[in-house]
Amino acid sequence: MKDALSELLLRALESLRRAEAVDVATPDFVIERTRSREHGDFACNAALVLAPTLRQKPRDIAGEIVGALPESPLVHRVEVAGPGFINFFLTDRAWQDEIRRVLHEGANYGHCQIGRGRPVGVEFVSANPTGPLHVGHARNAVIGDTLARLHAATGWQVYREYYYNDAGAQINNLALSVQARIKGIEPEDPRWPADGYRGEYIRDIARDYASGAAVEAGHPHGDYNREHTRELARDDVGGAAPGTTGDRLPGKQDPDDLDAIRDFAVAWLRREQDEDLRTFGVEFDSYFLESSLYREGQVERVVERIAQQGHSYEDDGALWLRSTDFGDDKDRVMRKSDGAYTYFVPDVAYHLSKWERGYKRAMTVLGADHHGSLTRVRAGLQALEIGIPKDWPEYVLYQMVTVMKGGEEVKISKRAGSYVTLRDLIGMAGLDATRYFMVARKSDSQLVFDIDLARSQTNDNPVYYIQYAHARVCSVQRQMHERSLVFEQHEALKHLDRLDSAPARNVMVGISRFPEIVAAAAGNFEPHLLAQYLRELAGAFHVWYNAEQFLVDDEALRNARVALAYATRQVLANGLGMLGVSAPASM
RNA sequence: GCGCCUGUAGCUCAAUCGGAUAGAGCAUCGGCCUUCUAAGCCGACGGUUGCUGGUUCGAUUCCAGUCAGGCGCGCCA
């Protein structure tokens with residue numbers, strides 16, 4: 001709809017330019033929905049934007065533009081208002097056409113081709129396989145998955161990827177912790193490893209290892225990026241290649257075989273994370289293991305390349321990245337004096353891999369507590385001097401989640417082992433509510449997840465409000481069936497002019513916003529716009545539902561109303577689908 | 001000390017890359033079920049957008065400063 005108006009304006013400006021009334025380049029105007037009906041349905045600020053360069057009064061310019069606008073069946077009238085806005089009042093026909101479009105396009109309504117099939121890599125969750133997923137990962141998972149769905153809906157070829165930090169000190173720490181448990185050492189024991197993981201799950205892993213139980217850590221689901229899958233197939237963790245059914249990795253029972261313990265523990269935790277994510281409706285196209293970067297020499301390669309480009313230096317026996325050349329506030333160690341690499345070097349190698357795999361657009365969903373690594377990774381990528389843009393990859397930072405229960409904050413601490421897991425959260429709040437809450441607000445504000453509130457499944461919970469609207473339409477459909485009323489869509493669409501009430505009109509206007517919302521939510525990495533919008537559309541529907549009876553005797557009127565109800569249901573279903581929230585037929 | 005994020009109604013949050021009269025829900029108070037699901041609807045109450053300046057036709061939005069909260073600043077990951 002916006003596009004149609006934009007087209008009209010561009011034609012008006014073009015004809016003015018030919019008449020030499022406006023001799024500047026097309027201004028960077030915006031067309032937006034008005035807040036108030038008095039100002040029409042859409043407003044455009046083109047005249048206000050042009051005024052300074054043309055050195056004319058905005059209202060005069062607006063008048064000229066309006067005079068040059070071509071006729072359109074969508075536009076009822078146009079007026080100049082306020083300081084120089086051009087306000088469009090649309091015809092009833094315009095809204096009715098949109099309803100026809102919804103019913104015609106069905107599940108595709110709201111989709112667009114902005115992405116033009118280009119590949120985009122969405123990396124999210126990427127939790128260390130050292131413990132169960134917690135509420136922070138839940139927010140990450142929902143934001144990432146929703147962004148992935150939104151990008152798919154806007155015409156991008158989406159690849160979901162999970163990066164496993166399965167190498168380094170923390171994994172060693174995991175192995176030592178499990179080993180201690182195998183040997184019956186408790187965290188209070190002086191022999192317990194320093195900074196060992198104290199969580200109960202360590203005990204579970206130890207028990208399974210000692211009993212010789214097998215663990216499968218494959219990922220037998222999803223559509224795989226074949227080239228990448230082949231690369232990962234050389235992986236040695238658990239012997240499992242993503243995309244295969246996964247190999248069974250039995251515990252060796254030997255308490256002194258630290259390598260075996262490490263592999264078993266990582267596979268065990270990956271399996272658990274996979275299960276949780278699958279339950280959560282989140283799946284990945286590929287899993288990338290940090291260990292593969294070391295094994296294939298990619299980390300070395302990055303360091304050498306940076307050195308070749310003259311962006312590193314040695315000091316105190318360590319190798320440093322001159323990251324201050326690229327906007328960091330201090331230089332960073334790449335290789336410690338003991339020869340080990342610091343964590344961000346494999347991160348750079350990993351992102352280099354993404355670049356080489358052709359992700360001209362890549363986004364990483366990252367908790368705000370890791371935002372420091374962002375500058376370092378980008379600096380490292382710049383230091384490679386291979387033409388990677390400064391702002392690549394794009395990061396979606398989300399602020400911390402605090403969990404409230406019984407009026408008290410539940411501390412999240414992986415080391416202490418006392419934190420609310422994703423599994424707990426879903427168990428308490430339910431899948432739909434958890435997913436909805438996690439994207440219902442901007443990712444850059446902190447989120448307080450009140451477990452008591454979330455589990456009280458009442459009208460406090462906006463997800464029910466939305467689902468209820470969907471279920472109500474389904475109920476109307478059932479009623480029609482019971483009363484042997486027939487809905488003929490083709491016939492109904494001829495009578496949409498009967499939808500002349502204010503509540504019905506608000507529903508139509510609300511529906512027509514959906515494509516704009518989807519495009520904005522995807523383009524700005526703001527999935528909360530969609531969550532918010534669905535609440536508003538459901539609200540408009542409930543108002544209309546209460547204001548007018550749908551199943552009336554007048555057949556033409558009845559069909560018109562049912563058509564609008566079905567269109568509403570379609571948009572709610574499409575939107576909920578993008579959030580990964582179910583759209584129940586009855587409640 | 002430096003960097004990033006946040007500050008909007010009693011509470012939880014919106015506000016479409018600077019737009020016109022800042023909107024919802026919850027809470028409080030008052031109404032609506034012989035009609036398609038009352039998990040709903042209608043009405044009332046509720047604001048100096050933390051504070052002070054600046055930029056301009058216009059600022060919750062941008063800039064500077066300031067106050068408050070969160071996160072991060074390691075040869076940890």
Side-chain angles (χ1 to χ4, degrees), chain A residues 2 28 30-36 38-39 43 45 48 51-52 57-59 81-85 87 128 130 165 167-171 173 195 315-320 328-330 332-338 340-344 347 367-375 397-400 402 440-448 450 453 457-462 464-465 467-469 471-480 482-483 513 516-517 519-521 523-524 526 528-529 531-533 535-536 538-539 541-552 561-562 565 586-587:
Chain A
K2 239 183 211 180
D28 206 9
V30 293
I31 295 173
E32 52 193 3
R33 300 263 172 177
T34 56
R35 251 187 245 276
S36 154
E38 292 169 43
H39 301 132
N45 66 348
L48 292 160
K57 290 180 182 170
R59 288 192 66 107
F85 287 107
N87 291 343
N128 290 346
T130 52
N165 290 106
Q170 82 283 9
I171 294 297
N173 191 17
D195 299 324
D315 190 35
D316 275 347
L319 184 67
W320 295 70
D328 205 350
D329 53 358
K330 61 179 82 165
R332 307 290 173 177
V333 170
M334 289 194 291
R335 193 173 54 219
K336 296 182 278 184
S337 50
D338 68 2
Y341 293 104
T342 56
Y343 78 96
F344 85 93
D347 274 6
D369 54 342
H370 288 90
H371 85 269
S373 78
L374 182 162
T375 312
L397 291 175
Y398 62 92
Q399 296 294 322
M400 299 292 90
T402 49
R441 59 201 51 174
K442 279 183 299 197
S443 61
D444 48 14
S445 11
Q446 287 168 243
L447 177 66
V448 177
D450 187 332
L453 184 70
Q457 302 193 346
T458 65
N459 44 354
D460 293 344
N461 199 333
Y464 291 110
Y465 184 85
Q467 290 176 322
Y468 186 43
R472 269 185 153 170
V473 179
C474 294
S475 177
V476 169
Q477 186 173 29
R478 286 191 295 271
Q479 278 292 320
M480 286 184 68
E482 280 174 27
R483 300 186 201 175
R513 289 175 58 206
E516 296 161 26
I517 295 291
N524 302 330
E526 292 185 325
H528 76 281
L529 293 177
Q532 199 73 25
Y533 162 80
R535 181 73 175 70
E536 288 166 18
F541 175 80
H542 285 309
V543 171
W544 177 47
Y545 181 93
N546 277 273
E548 297 180 337
Q549 187 76 14
F550 299 173
L551 303 182
V552 293
R561 288 177 174 167
V562 171
S586 66
M587 291 175 73

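B:G40 has no base stacking with the ring of A:Y468 when judged by centroids under 5.5 angstrom apart and an interplanar angle below 30°. Stacking between A:H528 and B:A14 is absent: the ring centroid is not both under 5.5 Å from the six-membered base ring centre and under 30° in plane angle.
At a threshold of 4.0 angstrom between heavy atoms, the contacts of A:A368 are confined to the sugar-phosphate backbone, with no base atom among them. Residue A:I517 is out of contact with every strand shown, counting any heavy-atom pair closer than 4.0 Å. Using a 4.0 Å heavy-atom criterion, one finds that A:E548 contacts the bases of the nucleic acid, with or without backbone contacts as well. Residue-level contact check: A:D315 touches the bases, meaning some heavy atom is under 4.0 Å from a base atom. Nucleic acid contact class of A:H39 (heavy atoms, under 4.0 Å, all strands): base. When heavy atoms are screened at a 4.0 angstrom cut-off, A:R33 is found touching base atoms of the nucleic acid. Backbone-only contact: A:Y465 has heavy atoms under 4.0 Å from sugar-phosphate atoms and none from a base. Within 4.0 Å of A:E38, counting heavy atoms only, lies at least one base atom of the nucleic acid. Note on A:S373: nothing from the nucleic acid sits closer than 4.0 angstrom, heavy atoms only. The residue A:D347 sits apart from the nucleic acid: no heavy atom pair falls under 4.0 Å. Within 4.0 Å of A:P83, counting heavy atoms only, lies at least one base atom of the nucleic acid. When heavy atoms are screened at a 4.0 angstrom cut-off, A:A340 is found touching no nucleic acid atom at all. Within the nucleic acid shown, A:Q532 comes within 4.0 Å of sugar-phosphate atoms alone, with no base atom in reach, counting heavy atoms only. No engagement by A:R513 is indicated, since no non-hydrogen atom pair under 4.0 Å with the nucleic acid exists.
Comparing the C1' positions of B:G10 and B:G46 gives a spacing of 9 Å, expressed to the nearest Å. Taking atom C1' on both B:G65 and B:C26, the two are 37 Å apart, rounded to the nearest angstrom. Distance noted for atom P between B:A27 and B:G40: 10 Å (whole Å). Here, B:C73 and B:A9 have their C1' atoms 37 Å apart, quoted to the whole Å. Taking the C1' atom of each, B:C2 and B:U61 are spaced 26 Å apart, rounded to whole Å. Comparing the same atom, P, in B:C45 and in B:G23 gives a spacing of 14 Å after rounding to whole Å. The separation of B:U12 from B:G30, taken at their C1' atoms, amounts to 24 Å, rounded to a whole angstrom. As rounded to the nearest Å, B:A39 and B:U55 have C1' atoms that lie 49 Å from one another.
With a 3.5 Å ceiling on both atom-pair distances, the Watson-Crick or G-U wobble partner of B:C73 is B:G1. Across every strand in view, B:U49 sits unpaired, with no contact that passes the Watson-Crick or G-U test at under 3.5 angstrom. With a cut-off of 3.5 Å on both Watson-Crick or G-U wobble distances, the partner of B:G7 is given as B:C67. With both pairing distances under 3.5 Å, B:U28 is matched to B:A44 as a Watson-Crick or G-U wobble pair. Look at B:C62: its Watson-Crick or wobble partner, with both distances under 3.5 angstrom, is B:G54. Using Watson-Crick or G-U wobble geometry with both donor-acceptor distances under 3.5 Å, B:U34 finds no partner in any strand shown. In this structure, B:A15 forms no base pair with any nucleotide, since neither Watson-Crick nor G-U wobble geometry is met with both distances under 3.5 Å.
Atoms CE (A:M480) and P (B:C36) sit 15 Å apart, rounded to a whole Å. Straight-line distance from the CD atom of A:Q549 to the P atom of B:G40: 19 Å, rounded to whole Å. Rounded to whole angstrom, the span from the NZ atom of A:K336 across to the P atom of B:C75 amounts to 9 Å. Separating the CD atom of A:E32 from the C1' atom of B:G18 is a distance of 9 Å, rounded to the nearest angstrom. To the nearest angstrom, P of B:C41 lies 14 Å from CD of A:E536. The separation between A:N546 atom CG and B:G31 atom C1' is 14 Å, rounded to whole Å. Spacing between atom OH of A:Y398 and atom P of B:U6 amounts to 17 Å, rounded to whole angstrom units. One can place CG of A:N173 at 14 Å from P of B:C76, the figure rounded to the nearest angstrom.
Against the 90° criterion about 0, the sugar-base torsion of B:C33 places it in the syn range.
Of the possible donor and acceptor atoms, one in the side chain of A:H542 sits under 3.5 Å from a partner among the backbone N and O of A:Y465.
Among all heavy-atom pairs drawn from A:P58 and A:A51, the shortest one is CG-CB, 3.7 Å. The two residues A:G367 and A:Y398 come nearest to each other via the heavy atoms N-CE2, 3.2 Å. The two atoms that bring A:V333 and A:F344 nearest to each other are O-CE2, 3.3 Å, heavy atoms only. Across every non-hydrogen atom of A:A538 and A:A469, the tightest pair is CB-CB, 4.0 Å. Residues A:S337 and A:D316 share a closest heavy-atom pair of CB-O, 3.9 Å.
The base of B:G72 has none of its N or O atoms less than 3.5 Å from a complementary donor or acceptor on the side chain of A:H370. For A:Y464 and B:A39, a side-chain-to-base donor-acceptor distance below 3.5 Å is absent, hydrogens and geometry of angles not being considered. Judged by distance alone with a 3.5 Å cut-off, no donor-acceptor contact links the side chain of A:N45 to the base of B:A20. Residue A:T342 places no side-chain atom within donor-acceptor reach of the base of B:C75, judged by atom type and a 3.5 Å distance cut-off alone.
With A:Y545 as the aromatic partner, A:R472 meets the cation-pi criteria of under 6.0 angstrom to the ring centre and within 45 degrees of the ring axis.
Remark on RNA chain B: of its neighbouring residues A:R35 and A:Y545, the 5'-side contact belongs to A:R35, judged by nearest-heavy-atom nucleotide. The nearest heavy atom of RNA chain B to A:L551 and to A:N524 marks one nucleotide each, and the one closer to the 5' end goes with A:N524.
Side-chain N/O atoms of A:S445 include none lying less than 4.0 angstrom from OP1 or OP2 on B:U12. A:Y341 has no side-chain polar atom (N or O) that falls below the 4.0 Å cut-off from OP1 or OP2 of B:C76. Between B:C13 and A:R535, no contact under 4.0 Å exists linking OP1 or OP2 to a side-chain N or O. Side-chain N/O atoms of A:K330 include one lying less than 4.0 angstrom from OP1 or OP2 on B:G74.
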- Message: One pair to check against side-chain contact (heavy atoms from CB on, under 4.5 Å): A:N173 and A:T130. What are the steps and the verdict?
- Response: CA-CA 9 Å; A:N173 191 17; A:T130 52; over 6 Å; no

- Task: Apply the test side-chain contact (heavy atoms from CB on, under 4.5 Å) to residues A:T34 and A:F85: give CA-CA distance (whole Å), side-chain angles for both, the deciding distance (0.1 Å), then the verdict.
- Result: CA-CA 11 Å; A:T34 56; A:F85 287 107; over 6 Å; no

